[in-house]
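What follows is a single structure, written as C-alpha cells, with notes after it.
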Amino acid sequence: MKNRKKKPISQMQHYWAAHHKIAAQDRAFMEMVTDPVNPITDHDLEALIAKRPEVYGRFSNFIGKLGGALK
C-alpha cells in the first residue's frame, strides 16, 4: 500500500466541515425529540449524556421539557 499524502485543507474547509457535523447532530436530536412513535424522554437524554457527554451534553437544557420525568 502506497503512502498517499493528503491534500491540506483550508481553515474555511475546516469551519464548514465542523458546521455540517454540528448541524447533522442537531437534526438527528430534533428527529429523536419529535418522533411520533417513540420520542426521546428526559430519562433517555440523561442516559445519553452520561454515556457520551461530549456529544449530548449540549442538549442538557432539554431535560425537564421532554416528558418522562425523572424520579
Side-chain angles (χ1 to χ4, degrees):
M1 186 162 149
K2 291 185 179 182
N3 227 355
R4 296 182 189 178
K5 288 189 177 183
K6 291 185 180 181
K7 186 176 179 181
I9 64 174
S10 70
Q11 185 175 3
M12 186 65 79
Q13 288 170 316
H14 275 291
Y15 169 82
W16 284 111
H19 172 80
H20 290 298
K21 181 179 177 181
I22 291 167
Q25 290 171 343
D26 289 346
R27 279 192 304 274
F29 180 74
M30 292 311 295
E31 284 179 21
M32 291 190 290
V33 169
T34 60
D35 188 285
V37 178
N38 188 22
I40 192 170
T41 64
D42 290 334
H43 180 53
D44 297 334
L45 182 55
E46 283 280 340
L48 287 171
I49 291 171
K51 186 175 183 177
R52 296 191 63 200
E54 70 281 357
V55 175
Y56 295 102
R58 64 194 174 109
F59 300 116
S60 63
N61 60 329
F62 280 85
I63 295 172
K65 300 174 185 170
L66 296 173
L70 294 172
K71 295 177 181 176

Report, one line per pair, each donor and acceptor closer than 3.5 Å where one atom sits in a side chain of residues 48-56; sequence neighbours left out.
none

Inset, instruction - Please step through side chain to side chain contact (heavy atoms under 4.5 Å, CB included) for the pair L66 and T41, ending with a clear verdict. - result: CA-CA 5 Å; L66 296 173; T41 64; 5.6 Å; no
Inset, instruction - Check for a donor-acceptor pair, side chain of D42 on one end and backbone N or O of G64 on the other, with a separation under 3.5 Å. - result: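 Yes; judged by distance alone, with no hydrogens or angles, the pair exists.
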Inset, instruction - Sequence neighbours left out, what passes side-chain contact (heavy atoms from CB on, under 4.5 Å) with N61? Give chain and number order. - result: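 For N61, no residue satisfies side-chain contact (heavy atoms from CB on, under 4.5 Å) once neighbours in sequence are set aside.
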Legend entry - With sequence neighbours excluded, residues passing side-chain contact (heavy atoms from CB on, under 4.5 Å) with S10: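 Only M12, Q13 meet the side-chain contact (heavy atoms from CB on, under 4.5 Å) criterion with S10.
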Legend entry - Smallest separation among heavy atoms of F59 and L45, with atom names: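 For F59 and L45, the tightest heavy-atom pair comes out as O-CD2, 3.4 Å.
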Inset, instruction - Might you point out which heavy atoms bring D44 and P39 nearest each other, and give the distance in Å? - result: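 That would be OD2-O, 4.2 Å.
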Distance-only donor-acceptor hits, side chain of residues 19-32, under 3.5 Å, sequence neighbours excluded:
unit_1 : atom_1 : unit_2 : atom_2 : d
Q25    : OE1    : R58    : NH2    : 2.9
D26    : OD1    : R58    : NH1    : 2.8
D26    : OD1    : R58    : NH2    : 3.2

